[in-house]
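Below is one structure, written out as structure tokens; comments come after it.
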There are 2 protein chains.
Amino acid sequence: MRMHNPPHPGEILKEDVLPELGLTVGAFAAHLGITRPHLSNLLNQHAGITAEMDIRLSEALGQPPGLWIRMQAAYDLWQAEQQPRQHIAPLHVAA
Amino acid sequence: MRMHNPPHPGEILKEDVLPELGLTVGAFAAHLGITRPHLSNLLNQHAGITAEMDIRLSEALGQPPGLWIRMQAAYDLWQAEQQPRQHIAPLHVAA
DNA sequence: GTATCCTGTAAAGAGACGCATTACAAATCA
DNA sequence: TGATTTGTAATGCGTCTCTTTACAGGATAC
């Protein structure tokens, strides 16, 4: 049923990645080439992961690109699904 | 090596989905609850698929949500990878 | 061959978001 | 106590989604 709300990427970065790296937020931000306030916003789920940011993370963490942007997409989709909306009728293929 | 550029979702919608539905762009837009110019922009790759739009498409097309937003993420990531950028050194785990 | 429909696209504007810069206050820690 | 680290706010710029309105070109039908 796939019904568990996916985490914001920032949560994983803050709780798992950063501790394992043993870096301060400021040091990690500097390494990524972004500002400390912005990384803080990422970590605290006040900003999302862009494709650009995904690449930087994948390079810094030695991972194949796409992990973080897919997490973000899953998060965004879940959030949008929680919004009240009027449903759309399914279409059928033409005769 | 995973090195083939992923299509923009609009391309698939325009070339595969719309013809199979047998709908005009205007009719499809109306069904989705968006404007015709905006759907035209989607189809011609001048705008991206948002989480909101993914949900509308998945409902209209009878698909599980996430297909289109993941296509968009793959597309965005590929585009970002094509941009010239300065690489970031990999970090090692703390001692 | 004229009228209708469909299409792509442009302009203008609202609202949201990414990201930078700067700044400050609270918390941690030496 | 003093230095470091952190979260966050304000401001601003650029970009993007999406709407409304409009227009011009192509296709279809009479």
Side-chain angles (χ1 to χ4, degrees), chain A residues 8-11 13-60 68-69 71-80 82-83 85-86 88 94, chain B residues 8-11 13-58 60 68-69 71-83 85-86 88 94:
Chain A
H8 188 286
E11 183 184 335
L13 286 171
K14 182 174 192 174
E15 298 184 358
D16 296 352
V17 175
L18 247 193
E20 188 174 355
L21 290 175
L23 288 182
T24 67
V25 174
F28 193 25
H31 187 89
L32 291 173
I34 65 178
T35 62
R36 186 186 60 79
H38 186 53
L39 179 56
S40 180
N41 282 336
L42 260 329
L43 299 181
N44 293 286
Q45 317 188 19
H46 299 134
I49 300 288
T50 61
E52 246 286 312
M53 210 55 72
D54 176 286
I55 293 174
R56 295 184 191 222
L57 287 170
S58 70
E59 288 183 346
W68 301 99
I69 208 181
M71 276 194 59
Q72 184 68 48
Y75 176 84
D76 290 343
L77 186 57
W78 166 269
Q79 295 301 323
Q82 303 316 302
Q83 291 292 343
R85 64 189 190 283
Q86 59 183 29
I88 296 179
Chain B
H8 187 287
E11 183 184 335
L13 286 170
K14 182 173 192 174
E15 297 185 358
D16 295 352
V17 174
L18 248 192
E20 188 175 351
L21 291 174
L23 288 182
T24 67
V25 174
F28 193 25
H31 187 89
L32 291 173
I34 64 178
T35 62
R36 184 185 61 78
H38 186 52
L39 179 56
S40 180
N41 282 336
L42 260 329
L43 298 182
N44 293 286
Q45 317 188 20
H46 298 134
I49 300 288
T50 61
E52 246 287 310
M53 211 53 76
D54 177 286
I55 293 174
R56 296 186 190 219
L57 287 170
S58 69
W68 301 99
I69 209 182
M71 275 193 61
Q72 184 68 50
Y75 176 85
D76 289 344
L77 185 57
W78 166 269
Q79 294 300 324
E81 279 173 338
Q82 302 317 302
Q83 290 291 342
R85 64 191 189 284
Q86 61 184 31
I88 297 179

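In what follows, every chain begins at residue 1, and chains take the letters A, B, ... in the order their sequences are listed. Nothing here was measured: the structure is a model prediction, and the numbers come from that model.
Of all heavy-atom pairs spanning B/Val25 and B/Arg36, the tightest one is CG1-CG, 4.1 Å. Here the shortest heavy-atom pairing between A/His38 and A/Ala47 reads CE1-CB, 4.0 Å. Considering every non-hydrogen atom in both B/Arg56 and B/Gly33, the closest pair reads NH1-O, 3.1 Å. In terms of heavy-atom proximity, A/Ile88 sits nearest to B/Ala60 at CG2-CB, 3.9 Å.
When side chains are defined from C-beta on, B/Asp54 does not count as touching A/Asp76, because their heavy atoms never get closer than 4.5 Å. For the pair B/Trp78/B/Gln82, a side-chain contact is recorded, criterion being any heavy-atom separation below 4.5 Å from C-beta on. B/Leu18 is not listed as a side-chain neighbour of B/Leu13, based on a closest heavy-atom distance of 4.5 Å or more. The closest side-chain heavy-atom distance from A/His8 to A/Gln72 is below 4.5 Å. Counting only heavy atoms from C-beta outward, the side chains of B/Tyr75 and B/Ile49 never approach each other to under 4.5 Å. The closest side-chain heavy-atom distance from B/Trp68 to B/Val17 is below 4.5 Å. At least one side-chain heavy atom of A/Leu57 sits less than 4.5 Å from a side-chain heavy atom of A/Phe28. At a threshold of 4.5 Å between non-hydrogen side-chain atoms, the residues B/Gln83 and A/Ile55 do not count as touching.
Distance check, rounded to the nearest 0.5 Å: CG of A/Asn44 to CD of A/Glu11 gives 11.0 Å. Taken from CD in A/Glu52 to CD in B/Glu81, the straight-line distance is 11.0 Å, to the nearest 0.5 Å. From A/Met53, atom CE reaches atom CG of A/Leu42 across 6.0 Å, with rounding to the nearest 0.5 Å.
Contact check of residues 21-32 of chain B against DNA chain D (heavy atom, cut-off under 4.0 Å) returns no residues at all.
Note: NE2 (B/His46) to C1' (C/dG8) measures 9 Å, nearest angstrom. Straight-line distance from the CD atom of B/Gln45 to the P atom of D/dC16: 15 Å, rounded to whole Å. Atom CD1 of B/Ile69 is separated from atom P of D/dT17 by 12 Å (rounded to the nearest Å). Computed from coordinates, the B/Gln72 CD to D/dC16 P distance equals 11 Å when rounded to whole Å. One can place CG of B/Leu13 at 17 Å from C1' of C/dG8, the figure rounded to the nearest angstrom. The distance from atom CD1 of A/Ile55 to atom P of C/dC19 is 12 Å, rounded to the nearest whole Å.
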Under 3.5 Å, which N/O atoms of the protein pair with N/O atoms of nucleotides 25-28 of chain C?
none

Filtered N/O pairs between nucleotides 24-30 of chain D and protein, under 3.5 Å:
none

Short heteroatom pairs, N/O only, protein and nucleotides 18-22 of chain D, under 3.5 Å:
unit_1	atom_1	unit_2	atom_2	d
D/dC18	OP1	B/Thr50	OG1	2.9
D/dC18	OP2	B/His38	NE2	2.6
D/dC18	O5'	B/His38	NE2	3.1
D/dT19	OP2	B/Thr35	N	3.2
D/dT19	OP2	B/Thr35	OG1	3.1

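At D/dG7, one or more side-chain N or O atoms of A/Lys14 fall inside 4.0 Å of OP1 or OP2 (strictly under the cut-off).
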So what is the 5' to 3' dot-bracket string for DNA chain D, if pairs are Watson-Crick or G-U wobble with both distances under 3.5 Å, crossing pairs use [ ] and | means the partner sits on another strand? ||||||||||||||||||||||||||||||

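With sequence neighbours left out, the side-chain contact (heavy atoms from CB on, under 4.5 Å) criterion links A/Ala30 to no other residue.
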